[in-house]
A.B. asks: 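Sharing a structure with you now.
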Number of protein chains: 2
Amino acid sequence: MVEPPNAKEFLETILSNEQARPPGSEQAAIDNQTMSALLNLLGKKHTIVILHQFATGAGPLRFSELEEVVDIAPNTLSNRLEELTEVGLLTRKAYNEIPPRVEYNATEKAQDLAPVFWYLGVWTERHDLEPVSAADRRR
Amino acid sequence: MVEPPNAKEFLETILSNEQARPPGSEQAAIDNQTMSALLNLLGKKHTIVILHQFATGAGPLRFSELEEVVDIAPNTLSNRLEELTEVGLLTRKAYNEIPPRVEYNATEKAQDLAPVFWYLGVWTERHDLEPVSAADRRR
DNA sequence: CTGAATCCGGTCCGATACTG
DNA sequence: CAGTATCGGACCGGATTCAG
């Protein structure tokens with residue numbers, strides 16, 4: 001089973017938060033815009049995998065650690081980390097040491113995405129993505 | 001509030017599903033492979049947005065409907081729909097009519113991803129993705 | 001008329017080499 | 001160690017074309 005971070009408490013909190021937005025409100029429009037931006041961000045290559053690392057494992061991650069785990073070119077990793085930092089999902093702290101050290105941390109905003117990854121793990125326990133016969137593609 | 005598909009029942013089901021996999025088992029390795037394939041699929045451009053459409057709205061969607069909502073080139077949409085159909089997340093039904101009509105439906109496997117999008121909606125009610133000041137990117 | 005195949009131009013990504 | 005520079009290739013967007 002995938003590690004539930006603190007899933008139970010968290011989900012109970014969510015479920016008790018009924019009817020937060022009037023469906024046609026101006027705030028709802030902003031939410032849609034945020035959703036669009038979020039999906040657009042998550043749609044970029046490797047972004048989900050990177051966030052998955054931060055959401056599941058606790059503590060800071062270094063550039064080289066991510067490079068090993070994620071299987072990504074350094075320039076692309078650099079771009080992704082910058083993008084995620086810009087929108088406040090990660091923080092970056094550079095130490096003036098030799099050899100240099102840079103630590104990336106998930107913000108609370110990013111940690112609030114943890115249930116997504118946790119649930120994706122649940123999903124993979126119940127399903128696969130094996131190619132389907134041509135007959136089963138119709139219905 | 002974003003529409004919870006049947007959030008309460010769903011989450012209770014999930015939360016009661018403790019310790020389904022022995023962590024080092026062969027099945028766990030397959031899960032990881034599935035997860036990798038899933039993230040790789042979701043990482044492709046527009047895939048998440050497309051699945052979002054199927055997961056939130058009920059009922060079949062037509063090619064042209066998706067084309068309007070998703071803002072995607074027709075060739076790319078065609079590719080995505082084929083990929084999603086191949087792995088069993090969508091089914092495709094073509095009617096022999098004039099004008100022609102093709103309907104895509106989410107399979108149960110795809111519907112089981114709905115909680116992901118539902119929760120992303122919850123997340124957007126609590127957070128945004130506005131650019132963060134340079135000072136706040138450090139910590 | 002809709003869904004999709006084809007061709008081309010642009011953007012994004014990967015691999016390697018290199019720098020502070 | 002943590003990136004940046006450069007280049008080649010894969011992927012995506014747009015327009016056109018085609019089949020049913």
Side-chain angles (χ1 to χ4, degrees), chain A residues 36-37 39-54 57 59-87 89-106 134 137-139, chain B residues 36-54 59-87 89-106 134 137-139:
Chain A
S36 173
L39 293 181
N40 197 41
L41 189 66
L42 294 179
K44 291 191 145 187
K45 208 158 192 176
H46 301 295
T47 305
I48 298 186
V49 187
I50 293 170
L51 282 177
H52 179 54
Q53 289 298 313
F54 282 100
L61 287 172
R62 302 179 56 170
F63 191 92
S64 51
E65 292 177 305
L66 288 166
E67 212 172 357
E68 291 171 10
V69 176
V70 177
D71 184 43
I72 184 178
N75 46 9
T76 305
L77 177 56
S78 182
N79 287 334
R80 291 297 166 273
L81 290 174
E82 189 177 349
E83 292 163 4
L84 292 172
T85 304
E86 269 176 7
V87 296
L89 288 171
L90 300 180
T91 57
R92 185 194 130 106
K93 180 164 180 56
Y95 296 86
N96 267 350
E97 300 175 358
I98 293 179
R101 179 161 60 106
V102 180
E103 286 182 352
Y104 292 89
N105 272 278
R137 295 178 197 174
R138 299 183 286 275
R139 214 181 37 134
Chain B
S36 173
L38 177 62
L39 294 182
N40 197 41
L41 190 66
L42 295 180
K44 292 192 144 187
K45 208 158 192 176
H46 302 293
T47 305
I48 298 186
V49 186
I50 293 172
L51 281 177
H52 179 54
Q53 290 299 314
F54 282 100
L61 288 172
R62 299 181 57 175
F63 190 93
S64 50
E65 290 176 307
L66 289 166
E67 211 173 359
E68 290 172 10
V69 176
V70 177
D71 184 43
I72 184 177
N75 47 8
T76 306
L77 176 57
S78 183
N79 288 333
R80 291 296 166 277
L81 291 175
E82 188 179 350
E83 292 162 5
L84 292 172
T85 303
E86 268 176 8
V87 297
L89 288 171
L90 300 180
T91 56
R92 185 193 131 103
K93 178 162 182 60
Y95 296 85
N96 268 349
E97 301 176 356
I98 293 179
R101 179 163 59 106
V102 180
E103 287 183 350
Y104 292 89
N105 272 279
R137 296 178 196 175
R138 297 184 289 273
R139 215 183 36 136

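Naming: A, B, ... by sequence-line order, numbering from 1 per chain.
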A.B. asks: Rounded to the nearest angstrom, tell me the gap between atom NZ in B/Lys44 and atom P in D/dC11.
C.D. replies: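 To the nearest whole Å, that distance equals 6 Å.
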A.B. asks: Rounded to whole angstroms, how far apart are NE2 on B/His46 and P on C/dC12?
C.D. replies: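 Distance check: B/His46 NE2 to C/dC12 P gives 12 Å.
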A.B. asks: What nucleotide, of D/dG13, C/dG14, D/dA2, holds the atom closest to the side chain of A/Arg101?
C.D. replies: D/dA2
A.B. asks: What is the separation between atom CD on A/Glu65 and atom C1' on D/dA2, rounded to the nearest whole Å?
C.D. replies: 13 Å
A.B. asks: Check every strand shown and say whether A/Tyr95 touches a base, only sugar-phosphate, or nothing at a heavy-atom separation below 4.0 Å.
C.D. replies: nothing
A.B. asks: Measuring only between side-chain heavy atoms, which start at C-beta, is A/Leu77 closer than 4.5 Å to A/Val70?
C.D. replies: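 Not in contact.
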A.B. asks: For a quick test of reading the model, state the closest non-hydrogen atom pair linking B/Lys45 to B/Arg80 and the distance between them.
C.D. replies: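 Looks like O-NE, 2.9 Å.
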A.B. asks: Kindly indicate whether the side chain of A/Phe54, heavy atoms from C-beta on, has any atom under 4.5 Å from the side chain of A/Leu66.
C.D. replies: yes
A.B. asks: Nearest to the side chain of B/Lys45, which nucleotide is it out of C/dT16, D/dG13, C/dG14?
C.D. replies: D/dG13
A.B. asks: Taking only side-chain N and O atoms of A/Tyr104, does any of them lie within less than 4.0 angstrom of OP1 or OP2 on D/dC1?
C.D. replies: no
A.B. asks: Starting at atom CG of A/Leu61, determine the distance to atom P of D/dG3, rounded to an integer number of angstrom.
C.D. replies: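 It works out to 13 Å between those atoms.
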A.B. asks: From D/dT6, D/dG13, C/dT16, pick the nucleotide closest to the side chain of A/Asn75?
C.D. replies: D/dT6
A.B. asks: Identify the heavy atoms of A/Ala94 and A/Val102 that sit nearest to each other, and give their distance.
C.D. replies: CB-CG2, 4.1 Å
A.B. asks: Atom CZ of B/Phe63 and atom C1' of D/dG20: how far apart are they, to the nearest Å?
C.D. replies: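 For the pair B/Phe63 CZ and D/dG20 C1', the rounded distance is 15 Å.
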A.B. asks: Is the phosphate of C/dT2, meaning OP1 or OP2, less than 4.0 Å from a side-chain N or O of B/Arg62?
C.D. replies: no
A.B. asks: Need to verify one output field. Residue with the more 5' nearest nucleotide on DNA chain C, B/Val102 or A/Asn79?
C.D. replies: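 Final value for this comparison: B/Val102.
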A.B. asks: Of A/Pro100 and B/Glu83, whose nearest nucleotide on DNA chain D comes first from the 5' end?
C.D. replies: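 Result of the comparison: A/Pro100.
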A.B. asks: Tell me whether the OP1 or OP2 atom of C/dA5 has a side-chain N or O from B/Ser78 closer than 4.0 Å.
C.D. replies: yes
A.B. asks: A/Leu66 CG to D/dC1 C1': how many Å, rounded?
C.D. replies: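 In whole Å, D/dC1 C1' and A/Leu66 CG are 13 Å from each other.
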A.B. asks: Would you tell me if any nitrogen or oxygen in the side chain of B/Thr76 comes within less than 4.0 Å of OP1 or OP2 on D/dC12?
C.D. replies: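 It does not, given that no N or O in the side chain of B/Thr76 lies less than 4.0 Å from OP1 or OP2 of D/dC12.
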A.B. asks: Rounded to the nearest angstrom, tell me the gap between atom CG in B/Leu81 and atom C1' in C/dA5.
C.D. replies: 15 Å
A.B. asks: Roughly how many Å is it from CD1 in A/Ile72 to C1' in D/dA2, rounded to a whole number?
C.D. replies: 14 Å
A.B. asks: Return the minimal non-hydrogen interatomic distance between B/Gly59 and B/Asn105, and the atom names on each side.
C.D. replies: C-OD1, 4.1 Å
A.B. asks: Whether A/Ser64 contacts D/dA2 is assessed here as follows: a side-chain N or O lying under 4.0 Å from the phosphate OP1 or OP2. Is that the case?
C.D. replies: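 The answer is yes; a side-chain N or O of A/Ser64 sits under 4.0 Å from OP1 or OP2.
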A.B. asks: Do the side-chain N or O atoms of A/Arg80 get closer than 4.0 angstrom to the phosphate oxygens (OP1, OP2) of C/dC13?
C.D. replies: yes
